[in-house]
A.B. asks: 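The structure that follows is given in the form of structure tokens.
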Amino acid sequence: MEQRKLKIVVLDGYALNPGDLDWSPISQFGELTVYDRSSADQVLDRAQGTDLVLTNKAKLTESHIQQLPTLRYIGELATGYDNVDIQAAASRGIPVCNVPGYSTSSVAQLTWALILATYNRVEQRSAEVFDGAWSRSPDFTHNHQGLADLQGKTLVLVGFGAIATAVAKIALAFGMKVIAVVRHPDNYRLEGVSITDDLHHSIAQADVLSLHCPLNNSNHQMINKTVLNLMKPNALLVNTARGALIAEQDLVDALNQGRIAGAALDVLSQEPPAANHPLLKAKNCLITPHVGWASKEARTRLLEIAAANINGYLQGKLQNMVNKF
């Protein structure tokens with residue numbers, strides 16, 4: 001008797017592959033159905049009868065998992081996996097495998113794009129040129145006020161995984177002082193980087209504070225009014241990790257009141273944001289639409305690692321499994 005092909009569903013494939021990549025690394029394992037997007041009320045129907053479900057942001061709740069009797073494997077098409085109830089999956093013996101490391105260089109690159117754009121006021125200066133201000137200038141240069149060197153400044157990193165390490169190495173090349181804040185300082189080491197577990201003392205020293213930690217219950221809205229009040233008035237807050245690490249209204253207030261110099265964000269707590277999101281009108285706030293992970297090279301690596309995870313599962317050699325049972 002011919003063996004039944006595995007049924008594989010991608011619940012929200014458009015962000016990973018809007019058409020410039022090939023799904024064959026995944027489709028080689030079975031009958032593949034790819035949905036560009038799935039709303040909460042579509043997930044159960046679309047995942048019904050499948051063996052392997054792959055998701056990026058579409059949520060797989062305990063209720064979903066309990067009602068999917070054929071489900072054998074969940075593949076997270078990202079590093080973060082807070083959209084999947086991993087305990088509910090573990091209770092049924094379903095492995096959840098994520099994709100770490102694929103976007104290290106691209107997120108580090110965007111982190112520095114945000115810092116440099118802010119320190120060099122790239123957007124503002126370019127807009128002035130196209131508005132004719134330079135053409136009207138009596139000098140060869142125009143409006144160099146507010147520019148600053150990174151050399152000698154202090155960069156504080158919250159978290160010190162692969163992305164933060166890459167960011168730190170670039171900071172050292174700029175001649176910056178680098179402090180990394182982690183829970184277990186003895187577990188980390190990089191020459192030239194001071195590693196500590198003292199968040200508040202470190203934040204008070206920061207010229208640039210950059211977030212690189214996963215979101216969990218203990219750090220939800222960790223950057224709040226209390227923490228923002230510790231920062232220097234000329235400090236920049238950068239977030240390329242998770243939006244909910246920041247109490248966003250507290251940040252809006254700090255920006256509008258001039259208590260910190262600026263913020264540069266690639267993530268928000270609600271994505272996409274509502275059109276009236278207060279950060280969209282806050283002073284000195286630069287926002288990009290969660291694109292740090294999304295270079296073609298990074299997305300290609302993501303697809304390849306997701307395929308390798310599936311192959312490992314089928315071969316009985318699980319890799320990148322985030323739940324235990």
A.B. asks: Is Asp12 reaching over with its side chain to a backbone N or O of Lys57, donor-acceptor style, under 3.5 angstrom?
C.D. replies: yes
A.B. asks: In plain terms, say whether Arg301 and Glu304 are close enough for a salt bridge, that is, a side-chain N and a carboxylate O under 4.0 Å apart.
C.D. replies: no
A.B. asks: Is there a side chain to side chain contact (heavy atoms under 4.5 Å, CB included) between Val167 and Thr240? Walk through the geometry before answering.
C.D. replies: CA-CA 11 Å; Val167 170; Thr240 55; over 6 Å; no
A.B. asks: Could you state whether Val227 and Leu215 fall into the same hydrophobic cluster, counting links through intermediate Ile, Leu, Val, Met, Phe, Trp or Tyr residues with side-chain heavy atoms under 4.5 angstrom apart?
C.D. replies: yes
A.B. asks: Does Asn256 offer a backbone N or O that forms a donor-acceptor pair with the side chain of Asp253 under 3.5 Å?
C.D. replies: no
A.B. asks: Aromatic rings Tyr188 and Phe160: how do their planes relate, parallel, tilted or perpendicular, breaks at 30° and 60°?
C.D. replies: perpendicular
A.B. asks: Provide the closest heavy-atom pair for Thr154 versus Gln205 in the form atom of the first, atom of the second, distance.
C.D. replies: CB-O, 3.5 Å
A.B. asks: Under a single-linkage definition using a 4.5 Å side-chain heavy-atom cutoff for Ile, Leu, Val, Met, Phe, Trp and Tyr, are Val182 and Met222 assigned to the same hydrophobic cluster?
C.D. replies: no
A.B. asks: For the pair Ser91 (side chain) and Ala88 (backbone), establish whether a donor and an acceptor sit closer than 3.5 Å, ignoring hydrogens and angles.
C.D. replies: yes
A.B. asks: Between Arg242 and Leu211, is there a donor-acceptor pair closer than 3.5 Å when you use the side chain of the first and the backbone of the second?
C.D. replies: no
A.B. asks: Do you know which two heavy atoms are closest between Gly292 and Ser106, and how far apart they sit?
C.D. replies: O-OG, 3.0 Å
A.B. asks: Side chains of Val322 and Val84: does their closest heavy-atom pair fall under 4.5 Å?
C.D. replies: no
A.B. asks: Assign the ring pair Phe174 / Trp112 to parallel, tilted or perpendicular, where the plane angle (0 to 90°) is split at 30° and 60°.
C.D. replies: tilted
A.B. asks: Side chains of Glu248 and Ser269: any donor to acceptor distance under 3.5 Å?
C.D. replies: yes
A.B. asks: Give, for atom CE of Met176 and atom CG of Asp207, the distance between the pair rounded to the nearest 0.5 Å.
C.D. replies: 6.5 Å
A.B. asks: Tell me if a side-chain donor or acceptor on Asn217 pairs with a main-chain N or O of His220 at a distance below 3.5 Å.
C.D. replies: no
A.B. asks: How far does NE2 of His144 sit from CG of Asn120, to the nearest 0.5 angstrom?
C.D. replies: 14.0 Å
A.B. asks: Restricting to non-hydrogen atoms, name the atom on Ala89 and the atom on Val96 that form the minimum distance, rounded to 0.1 Å.
C.D. replies: CB-CG2, 3.7 Å
A.B. asks: Check for me, please, whether Leu318 and Ile26 land in the same ILVMFWY cluster - side-chain distances under 4.5 Å, paths through other members count.
C.D. replies: yes
A.B. asks: Considering residues, nucleotides and ligands other than Glu128, do more than 12 of their heavy atoms fall under 6.0 Å from its CD?
C.D. replies: yes
A.B. asks: Walk me through whether Leu16 and Leu302 qualify under side chain to side chain contact (heavy atoms under 4.5 Å, CB included).
C.D. replies: CA-CA 8 Å; Leu16 168 58; Leu302 192 163; 4.0 Å; yes
A.B. asks: Considering non-hydrogen atoms only, spot the tightest contact between Lys225 and Asp250 and give its length.
C.D. replies: N-OD2, 2.9 Å
A.B. asks: Which residue in the set Val156, Leu190, Val193 passes side chain to side chain contact (heavy atoms under 4.5 Å, CB included) when paired with Val178?
C.D. replies: Val193
A.B. asks: Check whether Tyr81 and Met321 end up in the same hydrophobic cluster, where Ile, Leu, Val, Met, Phe, Trp and Tyr are linked by side-chain heavy atoms less than 4.5 Å apart.
C.D. replies: no
A.B. asks: Would you confirm whether Asn320, through its side chain, and Thr79, through its main-chain N or O, come within 3.5 Å as a donor-acceptor pair?
C.D. replies: no
A.B. asks: When you look at CD of Glu271, are more than 12 heavy atoms from neighbouring residues, nucleotides or ligands closer to it than 6.0 Å?
C.D. replies: yes
A.B. asks: Could you see if Leu150 belongs to whatever hydrophobic cluster contains Val238? Use Ile, Leu, Val, Met, Phe, Trp, Tyr and a side-chain cutoff under 4.5 Å.
C.D. replies: yes
A.B. asks: Are Ser24 and Asp22 close enough that a side-chain donor and a side-chain acceptor fall under 3.5 Å?
C.D. replies: yes
A.B. asks: Keeping the roles fixed (side chain from Gln67, backbone from Ser63), state whether a donor-acceptor pair exists under 3.5 Å.
C.D. replies: yes
A.B. asks: Could you tell me if the side chain of Ile260 sits less than 4.5 Å from the side chain of Leu251, heavy atoms only?
C.D. replies: yes
A.B. asks: Short question: side chain of Lys153, backbone of Asp149 - any donor-acceptor pair under 3.5 Å?
C.D. replies: yes
A.B. asks: Hey, could you give me the NZ/CG distance between Lys7 and Asp51, rounded to the nearest 0.5 Å?
C.D. replies: 8.0 Å
A.B. asks: Do Arg259 and Asn229 pair up side chain to side chain, a donor and an acceptor below 3.5 Å, judged on atom types alone?
C.D. replies: yes
A.B. asks: Nearest 0.5 Å please: distance from the CZ atom of Arg46 over to the NE2 atom of His64.
C.D. replies: 12.0 Å
A.B. asks: For a 4.5 angstrom cut-off between non-hydrogen side-chain atoms, does Leu303 reach Asn17?
C.D. replies: no
A.B. asks: Determine whether a donor-acceptor pair (N or O, by modelled atom type, separation under 3.5 Å) exists between the side chain of Trp23 and the backbone of Gln28.
C.D. replies: no
A.B. asks: What distance do Leu114 atom CG and Thr288 atom OG1 have between them, rounded to the nearest 0.5 Å?
C.D. replies: 5.0 Å
A.B. asks: Donor-acceptor pair, distance only, cut-off 3.5 Å: does the side chain of Asn56 make one with the backbone of Leu77?
C.D. replies: yes
A.B. asks: Can you tell me if NZ on Lys169 sees more than 12 non-hydrogen neighbours from other groups inside 6.0 Å?
C.D. replies: no
A.B. asks: Could you check Asn83 against Leu60 for side chain to side chain contact (heavy atoms under 4.5 Å, CB included), going step by step and ending with a plain yes or no?
C.D. replies: CA-CA 6 Å; Asn83 59 315; Leu60 280 171; over 6 Å; no
A.B. asks: Closest heavy-atom contact between Thr111 and Ser210?
C.D. replies: CG2-OG, 3.6 Å
A.B. asks: Using a 4.5 Å cut-off on heavy atoms from C-beta on, say whether the side chain of Leu52 contacts that of Phe29.
C.D. replies: no
A.B. asks: Can you tell me if OH on Tyr14 sees more than 12 non-hydrogen neighbours from other groups inside 6.0 Å?
C.D. replies: no
A.B. asks: Does atom CD (Gln257) have a neighbourhood of more than 12 heavy atoms from anything else shown, all under 6.0 Å?
C.D. replies: yes
A.B. asks: If you look at every heavy atom in Leu255 and Ala263, which pair is closest and at what distance?
C.D. replies: CD2-N, 3.8 Å
A.B. asks: In sequence, state the C-alpha distance, the side-chain angles, and the governing distance for Thr196 and His201, and then conclude on side chain to side chain contact (heavy atoms under 4.5 Å, CB included).
C.D. replies: CA-CA 10 Å; Thr196 179; His201 179 71; over 6 Å; no
A.B. asks: Which value, rounded to the nearest 0.5 Å, describes the distance between Glu76 atom CD and Thr55 atom OG1?
C.D. replies: 6.0 Å
A.B. asks: Is the number of heavy atoms from other residues, nucleotides or ligands under 6.0 Å of Arg183 CZ greater than 12?
C.D. replies: no
A.B. asks: Taking the side chain as every heavy atom from C-beta outward, state whether Asn323 and Ile74 have any atom pair closer than 4.5 Å.
C.D. replies: no
